[in-house]
Amino acid sequence: MPKQFWLMKTEPDECSIDDFAKNPTQPIRWDGVRNFQARNFIRDMDLGDHVLIYHSSCKHIGIAGIVTVAKSAYPDPSQFDPRSPYYDAKSSDDNPRWSAVDLVFTTKFPRILSLDELKQLPALDKNPLVKKGNRLSVIPFTETEWNAILEESK
DNA sequence: GCCAACGTTGGC
DNA sequence: GCCAACGTTGGC
């Protein structure tokens with residue numbers, strides 16, 4: 001039983017639920033998060049926690065499925081790679097600024113739960129995901145919020 | 001492509 | 001510590 005629930009945003013061109021589904025036992029490194037609040041949430045993630053995958057900036061915006069934390073936070077290697085778009089010169093080996101987790105496929109919803117639909121769920125009233133202008137890419141979910149999503153996905 | 005909203009940076 | 005400028009996110 002997972003201890004905590006999360007949602008992570010991704011542009012499906014970069015990494016979609018189908019990228020997880022096509023190799024369902026192969027974890028994918030979730031790197032490139034460069035926002036301090038989101039990073040702090042990543043560091044709070046535990047092995048076995050469940051994560052909703054949200055497709056943003058695309059044609060079908062919404063929640064596409066569930067993945068599970070397969071490895072908890074560790075230093076994001078891309079911050080040390082000068083050729084990476086995620087390179088951060090201010091980061092050092094002994095004090096890495098950014099963290100990554102590994103995630104593994106769990107469930108693909110039969111259909112995307114659209115943003116419109118999510119906005120209509122009373123349980124998500126207070127969730128930053130449905131607030132205008134929200135840019136947080138890693139969001140903690142309460143069990144109530146989580147259950148409302150699972151119910152809606154049926 | 002547009003643009004509002006936001007987080008970060010840097011000058012002071 | 002303030003805050004303007006800037007770059008980015010993300011829905012439309």
Side-chain angles (χ1 to χ4, degrees), chain A residues 4-22 27-45 49-69 72-103 105-142 144-154:
Chain A
Q4 300 174 100
F5 303 104
W6 308 94
L7 176 143
M8 292 174 116
K9 295 181 188 170
T10 176
E11 297 186 17
D13 288 351
E14 290 283 320
C15 180
S16 74
I17 193 69
D18 289 326
D19 293 318
F20 286 99
K22 72 187 174 198
I28 295 177
R29 172 183 294 145
W30 199 273
D31 60 7
V33 170
R34 294 294 180 270
N35 166 285
F36 290 104
Q37 195 180 356
R39 180 206 66 184
N40 292 341
F41 285 135
I42 283 179
R43 291 181 177 177
D44 285 341
M45 289 177 161
D49 280 359
H50 282 180
V51 182
L52 297 165
I53 292 296
Y54 177 88
H55 291 173
S56 70
S57 301
C58 59
K59 186 160 185 188
H60 300 295
I61 296 165
I63 298 176
I66 300 171
V67 296
T68 299
V69 176
S72 59
Y74 59 95
D76 177 351
S78 67
Q79 69 196 305
F80 305 121
D81 178 1
R83 287 154 304 180
S84 167
Y86 302 125
Y87 176 66
D88 186 346
K90 294 179 188 162
S91 204
S92 62
D93 280 319
D94 53 333
N95 190 19
R97 298 178 104 196
W98 307 112
S99 299
V101 288
D102 290 353
L103 303 172
F105 179 74
T106 303
T107 306
K108 180 181 175 178
F109 289 163
R111 62 190 177 83
I112 301 261
L113 302 192
S114 72
L115 181 56
D116 273 350
E117 197 175 351
L118 299 174
K119 285 176 176 170
Q120 288 169 32
L121 289 182
L124 293 193
D125 267 357
K126 293 185 179 154
N127 193 291
L129 182 67
V130 298
K131 296 279 194 294
K132 185 181 179 187
N134 164 61
R135 300 172 54 172
L136 187 58
S137 64
V138 181
I139 300 174
F141 266 55
T142 66
T144 304
E145 291 169 329
W146 182 270
N147 289 337
I149 295 297
L150 287 200
E151 188 61 32
E152 189 73 7
S153 73
K154 286 177 185 167

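A, B, ... follow the sequence lines: proteins, then strands. Residue 1 opens every chain. Just so you know, these numbers use all the heavy atoms, side chains as well, and skip hydrogens, waters and symmetry mates.
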Shortest side-chain distance from K9(A), nucleotide among dT8(B), dT9(B), dG10(C): dG10(C)
Within residues 82-96 of chain A, residues whose heavy atoms come under 4.0 Å of DNA chain C: none
Between S114(A) and D116(A), a side-chain donor and acceptor under 3.5 Å: no
Spacing of H55(A) atom NE2 relative to dG11(C) atom P, expressed in whole Å: 12 Å
Whole angstrom value for the distance that separates P of dG10(C) from CE of M8(A): 13 Å
Close side-chain approach of W98(A) to I42(A), heavy-atom, < 4.5 Å: no
Minimum heavy-atom distance I66(A)-I17(A), with the two atoms named: N-CD1, 4.0 Å
Heavy-atom closest pair, residues A73(A) and R43(A): CB-CA, 3.8 Å
Euclidean distance, atom CZ of residue R97(A) to atom P of dT8(B) [Å, nearest integer]: 9 Å
d(CD1, I139(A); P, dG10(C)) in whole Å: 9 Å
Note: D88(A)-K90(A) ion pair, threshold 4.0 Å (strictly below): no
Among F41(A), W146(A), F141(A), the one residue meeting ring-ring contact (aromatic ring centres under 6.0 Å, His included) with F5(A): W146(A)
Separation of atom CZ in R34(A) from atom P in dT9(C), rounded to whole Å: 12 Å
Table please: side-chain donor-acceptor pairs of residues 121-129 of chain A below 3.5 Å, with sequence neighbours left out.
from, atom 1, to, atom 2, distance (Å)
N127(A), OD1, L129(A), N, 2.8
N127(A), ND2, E145(A), OE1, 3.4
N127(A), ND2, E145(A), OE2, 3.3

Members of residues 118-134 of chain A that approach DNA chain B, where some heavy atom sits under 4.0 Å away: K132(A), G133(A)
Side chain to side chain contact (heavy atoms under 4.5 Å, CB included), paired with Y86(A), selected from S78(A), P77(A), S91(A): S78(A)
Interatomic distance where CZ belongs to F36(A) and P belongs to dG7(B) [whole Å]: 13 Å
Whole-Å distance separating the CG atom of D116(A) from the C1' atom of dG11(C): 10 Å
Candidates R29(A), R39(A), R97(A), R34(A) - the one meeting side-chain hydrogen bond (donor to acceptor under 3.5 Å, both in side chains) with D76(A): R34(A)
Length of the line joining K59(A):NZ and dG10(C):C1', which is rounded to integer Å: 18 Å
